[in-house]
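Predicted model, so just to flag it, every value in this text is computed and none were measured.
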2 protein chains.
Amino acid sequence: MVAKRRTRAPVFAALGDETRLSLVAKLCGGQRYSISQLTQGSKLTRQAITKHLRVLESVGIVRSVRKGRESRFEFVPQPIEGIKEYLDSVSEQWDQALSRLKSFVEE
Amino acid sequence: MVAKRRTRAPVFAALGDETRLSLVAKLCGGQRYSISQLTQGSKLTRQAITKHLRVLESVGIVRSVRKGRESRFEFVPQPIEGIKEYLDSVSEQWDQALSRLKSFVEE
DNA sequence: ATCTTAAGCAACCTCCAGGTTGCATATTAG
DNA sequence: CTAATATGCAACCTGGAGGTTGCTTAAGAT
């Protein structure tokens, strides 16, 4: 296991796009889909979808497995768990700040 | 209260940048900071920092209040709570998929 | 009244994200 | 074997993100 980088920004950035968010929405249901399948219903080109999938893959949100002539993509939960933890720490800091303020006012 | 948009992508996008993430990290501690203060220690220009702050402000993660000649920025938790909920729903879908798979294998 | 500090505004630059088209290659179907 | 399907690769285009510099205006400090 290599040092897991302390930078969540790329993961947030990967989620910062409607198209990719809907890919995630589809894939987190557990099913695996080929690129062509994921392109169905989208108004974008297969190549555009491919690029988006590569972005998601580059931050580990998604993984591809070649199966015959198609490459099937599947969801990987870890990166999203990672940023959830990060957001929790942000909320926690904020809550602590609030409670410090509260006790300051009360005394 | 106007229809809260169903699109979290812009919030994720706003967090998808190291500089903005560190601004959030600083501000979620509860203190308010002026633009100049937030620029201190950064290698970027005040104007660059200003632009980043406007991005955060545009999605509601941050709010600015003019105080004399300086405008002080403060953290606003709601948008981040929003995407936390979104991520929870993603995890939930994933977990349900896993448990369906599990019961399918077991029978 | 003047100097200094905080911010806003605007023009400008560079680079890359997001899309497209066109063509090549690998598999599966008939 | 041949046709059709699923991808990969590469070149190309365009707009906007992220930065900078320069100048102006507002508000404190002396």
Exercise. If each of Gly68(A) and Thr19(A) is mapped to the nucleotide of DNA chain C with the nearest heavy atom, which maps nearer the 5' terminus, i.e. the 5' end?
Worked result: Thr19(A)
For this session: Report the distance from atom CG of Leu21(A) to atom P of dG18(C), rounded to the nearest whole Å.
Result: 12 Å
Seminar exercise, completed: Students should find that the end-to-end axis angle of the helix from dA1(C)-dT30(D) to dG30(C)-dC1(D), with five pairs defining each axis and rounding to 10 degrees, is 30°
Exercise. Taking atom C1' of dT21(D) as reference, at what distance in whole Å does atom CG of Leu44(B) sit?
Worked result: 15 Å
Seminar exercise, completed: Heavy-atom contacts, protein to nucleotides 7-17 of chain C, under 4.0 Å, summarised as B (base), S (sugar-phosphate only) or - (none) per nt, yield BBB--------
Exercise. What is the minimum heavy-atom distance between Pro79(A) and Ile61(A), and which atoms define it?
Worked result: CG-N, 3.7 Å
Exercise. Between CZ of Arg32(A) and OG of Ser71(A), what distance do you get to the nearest 0.5 Å?
Worked result: 12.5 Å
Exercise. Can you tell me if the side-chain N/O atoms of His52(B) get under 4.0 Å from OP1 or OP2 in dG19(D)?
Worked result: yes
Exercise. Are any of the side-chain nitrogens in Glu74(A) or Arg72(A) under 4.0 Å away from the carboxylate oxygens of its partner?
Worked result: no
Exercise. Are Ile35(A) and Val62(A) linked, directly or through other ILVMFWY residues, by side chains that come within less than 4.5 angstrom of each other?
Worked result: yes
Exercise. Quick one: do Phe73(B) and Val76(B) end up in the same hydrophobic cluster if we chain Ile, Leu, Val, Met, Phe, Trp and Tyr together by side-chain heavy atoms under 4.5 Å apart?
Worked result: no
Exercise. Can you tell me how far C1' of dT28(C) sits from NZ of Lys67(A), to the nearest Å?
Worked result: 13 Å
Seminar exercise, completed: When rounded to whole Å, the CD1 to P distance for the pair Ile49(B) and dG19(D) reads 8 Å
Exercise. Salt bridge (Lys or Arg N to Asp or Glu O under 4.0 Å) between Glu70(A) and Lys67(A): does it pass, once the steps are laid out?
Worked result: CA-CA 5 Å; Glu70(A) 57 188 11; Lys67(A) 175 83 180 281; over 6 Å; no
Exercise. Hey, does the side chain of Arg20(A) reach the backbone of Ala14(A) with a donor-acceptor pair shorter than 3.5 angstrom?
Worked result: yes
Problem set entry | Linked, directly or transitively: Leu87(A) and Leu27(B) (ILVMFWY side chains, under 4.5 Å) | yes
